[in-house]
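These notes are about the structure you will find just below.
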Amino acid sequence: MINLKIRNFRVVKEADIEVKRGINILYGPNAGGKSTIIYALLATMGIGVENLKRKPVLAGAIEVVHGGSYVRLSMREGRYSCKAKDMKEPYELIFGTSGELPVEVIDGVQCYLKFWEEVGVRRVGYMFGDEVVVYNVGGSTSSIDVDGESVPLRLNVWDKQAWAQFTGKPHFFDGLYRSISWLTDIRYLHGGYALKGDKWTPMELLSYGEKKTLALLLVSKYSDLIVVEGFEGGLHIDLALDLLSQLEDKIVIVETHIGVVVGKGFERNWNIYYVENGVANRVSSLNDLLKTELIQKEAELYTWVVGG
C-alpha cells in the first residue's frame, strides 16, 4: 500500500488517498480532479503523459509514501526530495520556480526507481481513450524482445497494423487466454485475426469493447500498476466489472463516472474515492455513496427512464 497526498496541484485542492493492491476507483463528475490525481502520481515516477505536459506546473505539492520511504515534490517551494529504504539521507534538489516547470524537473532518478521498486512497481500500464502504453518507471516506453525484435508496448485499439504485429506473435498473450475466453468468446489470436468459436475474424471487425478488453489484458501481463482514464467507455457494465475482476492481482487505478461500477465495487471490497471540486473523500459504505451529488443525479435519471 502507498499513501498519496496532494495539495493545491492543478484543480486538486486536497487529496489523501491510500492506493492498495487490487482495484482503486476514482469516482466523480467531469473536471472534479480525478485525472489530476492520476497525473500527480505518474509525476512521482518520472512519467509525463501528454495531458500533464500541456500546461505549466507552477504550484502545489505531491507526496507519495511507502513505509519509511517517500518521494516529495513541492512546486511552490521549488524543492524535490526522495528517500529510499537503504538511503541514510534523502536526495534533495532545489529548482527554480519561474516560467514553465515541466515534469522532467524530477531528478534523482536512482532514488525514485528504488522507491517504486520497494513498492513493487517497475512498469506502469496507462490507458487513455483508445490507446494503451506501458511505461518504465522513469518515463521511457517499455519494450519486449521477441525473436530478436524489440517491440514497444504501445497500441491504439483501432490500429490494424499494431494488432497484426502483436497477434503475429501469439505468445504476447500467453497466460491470458483463459481470461480472454471467459470475458469474450475469443479462443486465440494470430496474424491479425481472432478465433471466435470456429471462425477466424479480422481484428478490425471485433467490437470496440472486445478490442479494449484485449488491450487491457495485454497491458496487465506486462505491468505492475495499471491506470485507466474513462474506463467504462465502450464497455457494457457486466463486461466492465468482469474485466476489473481479472485485474485484481495488480495495483489498478480506475477513473469512472458510472455509479453502478462503484456500487458493485463494495461487494468486492474495492477501494473507492469520490472526487469533486478538487477534493477526494473515501467512500466507505453505500450510504456514503448515496450522499454524493453524482449518484443522486444518476438515480434520478434511472427513475425517470423506468417511470417514463
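Atoms considered below: every heavy atom in the structure, side chains included; atoms not considered: hydrogens, waters and symmetry mates.
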- Task: Taking all heavy atoms of R282 and all of Y273, pick out the closest pair and write down the distance.
- Result: NH2-OH, 2.9 Å

- Note on the structure: Correct closest heavy-atom pair for G33 and V11 would be CA-CG2, 3.6 Å

- Message: How long is the straight-line distance from OG1 of T184 back to CG of L206, given to the nearest 0.5 Å?
- Response: 8.0 Å

- Taking H66 for its side chain and W116 for its backbone only, find out whether a donor-acceptor pair lies under 3.5 Å. no

- Item | Any side-chain heavy-atom pair of F166 and L155 under 4.5 Å | yes

- Among V121, V65, V64, whose side chain to side chain contact (heavy atoms under 4.5 Å, CB included) with F115 holds? V64

- Message: Could you report the tightest heavy-atom contact between A280 and V275, atom names first, then the distance?
- Response: CB-CG2, 4.0 Å

- Any V134 side-chain heavy atom under 4.5 Å of V124 side chain: no

- Query: Does S223 reach the main-chain N or O of V219 with its side chain, forming a donor-acceptor pair under 3.5 Å?
  - Reply: yes

- Query: Salt-bridged, E63 to R72, with N to O below 4.0 Å?
  - Reply: yes

- Query: Applying side chain to side chain donor-acceptor pair (under 3.5 Å), which residue pairs with at least one partner in residues 163-176 are found, sequence neighbours left out?
  - Reply: E149-K169

- Could you check if a side-chain atom of E229 sits within less than 4.5 angstrom of a side-chain atom of Y39, using non-hydrogen atoms only? yes

- Query: Would S142 and R123 count as having a side-chain donor-acceptor pair, cut-off 3.5 Å?
  - Reply: yes

- If you round to the nearest 0.5 Å, how far is CD1 of I17 from CG of N3? 10.5 Å

- Query: Is there a salt bridge (Lys or Arg N to Asp or Glu O under 4.0 Å) between E14 and K5 once you walk through the steps?
  - Reply: CA-CA 8 Å; E14 182 177 1; K5 180 183 290 186; over 6 Å; no

- Between W182 and I180, is there a shared hydrophobic cluster once you connect ILVMFWY residues whose side-chain heavy atoms come closer than 4.5 Å? yes

- Item | All pairs passing ring pair (Phe, Tyr, Trp, His ring centres under 6.0 Å) where residues 237-262 contributes a residue, at least two apart | none

- Is a side-chain N or O of D159 found less than 3.5 angstrom from the main chain of A162, in a donor-acceptor match? yes

- M1 and I38: same hydrophobic cluster, using ILVMFWY side-chain contacts below 4.5 Å? no

- Query: Donor-acceptor pair, R21 side chain versus D249 backbone, under 3.5 Å?
  - Reply: yes

- Item | Joint cluster assignment, Y70 & M87, ILVMFWY side-chain distance < 4.5 Å | no

- Item | Residue pairs fulfilling side chain to side chain donor-acceptor pair (under 3.5 Å) with at least one residue in residues 186-197, sequence neighbours excluded | R187-D198, K196-E210

- Message: Hydrophobic clusters here meaning ILVMFWY residues chained together by side-chain heavy-atom distances under 4.5 Å, can you tell me if L235 and I25 are in one?
- Response: yes

- Query: Is T213 close to L216 at the side-chain level, that is, under 4.5 Å between some pair of heavy atoms?
  - Reply: no

- Query: Is the Y135 ring parallel, tilted or perpendicular to the Y126 ring (thresholds 30°, 60°)?
  - Reply: tilted

- Query: About how many Å separate CD of E255 and NZ of K34, when rounded to the nearest 0.5 Å?
  - Reply: 4.5 Å

- Message: For a quick test of reading the model, state the closest non-hydrogen atom pair linking G138 to L113 and the distance between them.
- Response: N-CD2, 4.4 Å

- Could you state whether L218 and L195 fall into the same hydrophobic cluster, counting links through intermediate Ile, Leu, Val, Met, Phe, Trp or Tyr residues with side-chain heavy atoms under 4.5 angstrom apart? yes

- Say you draw a straight line from OG of S220 to CD of Q246; how long is it, rounded to the nearest 0.5 Å? 9.0 Å

- Query: Going by heavy atoms in the side chains, are I23 and E248 under 4.5 Å from each other?
  - Reply: yes

- Are side-chain heavy atoms of L26 and I37 found at a separation under 4.5 Å? yes

- Message: Return the CZ to CG distance between R268 and L244, rounded to the nearest 0.5 Å.
- Response: 8.0 Å

- Message: When you measure from the side chain of K212 to the backbone of F231, do you find a donor-acceptor pair of N or O atoms at a distance under 3.5 Å?
- Response: yes

- Task: Given side-chain contact (heavy atoms from CB on, under 4.5 Å), test N24 with V254 step by step and report yes or no.
- Result: CA-CA 6 Å; N24 301 269; V254 170; over 6 Å; no

- Task: Identify the heavy atoms of D224 and G120 that sit nearest to each other, and give their distance.
- Result: CB-O, 3.3 Å

- Task: Hey, could you give me the CG/CD1 distance between L4 and I253, rounded to the nearest 0.5 Å?
- Result: 8.0 Å

- Query: Do the non-hydrogen side-chain atoms of K160 and M203 ever get within less than 4.5 Å of each other?
  - Reply: no

- Determine, for K264 against D242, whether the closest basic-nitrogen to carboxylate-oxygen distance falls under 4.0 angstrom. no

- Report yes if the side chains of Y208 and V157 come closer than 4.5 Å at any heavy-atom pair, otherwise no. yes

- Item | Closest non-hydrogen atom pair, F9 against I6 | CB-CG2, 3.5 Å

